[in-house]
Amino acid sequence: ALVVVFCPLPRLRGLLQRCWGRLERGLLPGFSGGQSPAWGPALAVPAPACLPEPVGDTRESNEAPSFLDSILWMAAPKKRRTIEVNRCRRRNPNKLIKVKRNIDVCPECGNLKQKHILCGYCYAKVKAETRLIRMEIRKKEGGPFNTPTVETVVLYDGEKPTEKDEGKRIIERARKRPSWFVQN
Amino acid sequence: MRLSVAAAISHGRVHRRFGLSPRSRLDLLRNLVTALVRHERIEAPRARADEMRGYAERLIEYAKLGDTNERAMRMANFWLTEKDLIHKLFKVLAPRFQPHPGSYTRLLQIPNRDGLDRAKMAVIELKGNPFPPLICPRRNTEKTLINQLLKGYRQDMQQAAAP
């Protein structure tokens, strides 16, 4: 049977011929031994059994695999990006920093704060006071793992424990009570 | 009915992932719960504080069952690594929160951390702690007599200036 395949590129044609040759050898392994295959005709028929090779291709099949087969192709830019295109990409709204519209003034101290976050100044104030109270607690407890089994109450200068602070542990702080710490 | 158990899809899963492994996540949260019970007010990254809040509130609910309860004692033993806090939990926190039906903690957000990472932080505290309050509830002073008179005066001035 005659099969003619027209390939526009000579190198592709060489590749295809090599693939076809491998296929043939795979399909008819009996042929490599020299005898005809078991299911083939006993008599050889005078007809072309392989692709007709054009004249110019004989030297190409003896060549080493061309460099186009073995190279690893990687992506590279084809043209320089113009400044207009670059500007469009860099100034696109999703690349710009978003404007925050949730900034308010803290009514206590007047510093700026975000609406859903505590004021930094007021929190630092409360944190410093809790640190001092915790130092007093440490002094009272002495060592580690001495947590008492009663509640704690903090009293400032000149304050006496009320009847609500009956069984509680008293922590003394040597200063006047700050206005933002309401006693209850 | 569950048609697919695809591991890569996480629709509806509520647990966050922390640390190196699920065991390390539990250890992290356990340390935070212990610190909260010891100090009653701690600062932590927002995600960890939010995750820890649920565990802390369930622990207090277990404590409310009383320390004779075997399950409650086992829970407290696992979750509190410092064993003197188990006494504090059953003798101080359980009576303190007995009248409350739920929500024993308060989670508030803090400005970002000062270090290089600028992490979002939160402060979580048990209600009824002895420390100064983080937010003072402000009384609405709009309806006081002086403020109403001043408001009327300002409106009159604007109407006189406008036309």
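Chain naming here is simple, since letters A, B, ... match the order of the sequence lines and numbering starts at 1 in each.
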Is it the case that more than 12 heavy atoms not belonging to Arg80(A) sit under 6.0 Å from its CZ atom? no
How about NZ on Lys151(B), more than 12 heavy atoms from neighbouring residues, nucleotides or ligands closer than 6.0 Å, or not? no
Do Leu108(B) and Tyr123(A) have side chains that get closer than 4.5 Å, going by heavy atoms? no
Could you tell me whether Ile103(A) atom CD1 has more than 12 heavy atoms of other residues or ligands within 6.0 Å of it? yes
Does Leu89(B) share a hydrophobic cluster with Leu65(B), counting links as ILVMFWY side-chain heavy atoms below 4.5 Å and allowing steps through other members? yes
Return the NZ to CD distance between Lys91(B) and Glu151(A), rounded to the nearest 0.5 Å. 14.0 Å
Under a 4.5 Å heavy-atom cut-off, does chain A meet the side chain of Arg41(B), its backbone, both or neither? both
Which pair of non-hydrogen atoms, one from Asp84(B) and one from Asn146(A), has the smallest distance, and what is that distance? OD2-N, 3.6 Å
Ile135(B) versus chain A, the contacting section by heavy-atom distance below 4.5 Å: side chain
Closest contact, heavy atoms only, Pro132(B) versus Trp180(A): CB-CZ3, 3.5 Å
The reported gap from CZ in Phe131(B) to OG1 in Thr152(A) (rounded to nearest 0.5 angstrom) is 7.5 Å
Examine Leu29(B) and Leu85(B) and state if one hydrophobic cluster contains both, with Ile, Leu, Val, Met, Phe, Trp and Tyr joined whenever side-chain heavy atoms are less than 4.5 Å apart. yes
Residue Arg118(B) excluded, over 12 heavy atoms near CZ under 6.0 Å: yes
Output the distance between atom CZ (Arg38(B)) and atom OG1 (Thr147(A)), rounded to the nearest 0.5 Å. 4.0 Å
For Pro107(A), is it the side chain, the backbone, both or neither that has a heavy atom under 4.5 Å from a heavy atom of chain B? both
Closest heavy-atom contact between Val92(B) and Val150(A)? CG2-N, 3.6 Å
Does Lys120(B) NZ have over 12 foreign heavy atoms under 6.0 Å away? no
Hey, any chance Val153(A) and Phe97(B) share a hydrophobic cluster, counting ILVMFWY side chains that come within less than 4.5 Å of each other, even indirectly? no
Please classify the contact of Ile117(A) with chain B as side chain, backbone, both or neither, using a heavy-atom distance under 4.5 Å. both
Could you state whether Tyr121(A) and Leu112(A) fall into the same hydrophobic cluster, counting links through intermediate Ile, Leu, Val, Met, Phe, Trp or Tyr residues with side-chain heavy atoms under 4.5 angstrom apart? no
Ile110(B), Ile42(B): one ILVMFWY side-chain cluster at the under-4.5 Å cut-off? no
Would you say the side-chain atoms of Arg134(A) pair up with the backbone N or O of His39(B), donor to acceptor, closer than 3.5 Å? yes
Of all heavy-atom pairs linking Pro111(B) and Gly120(A), the shortest is CG-CA, 3.8 Å
As an exercise, state the distance from CD of Glu40(B) to OG1 of Thr130(A), rounded to the nearest 0.5 Å. 12.5 Å
Is it the backbone or the side chain of Lys127(A) that comes under 4.5 Å from a heavy atom of chain B, or both, or neither? side chain
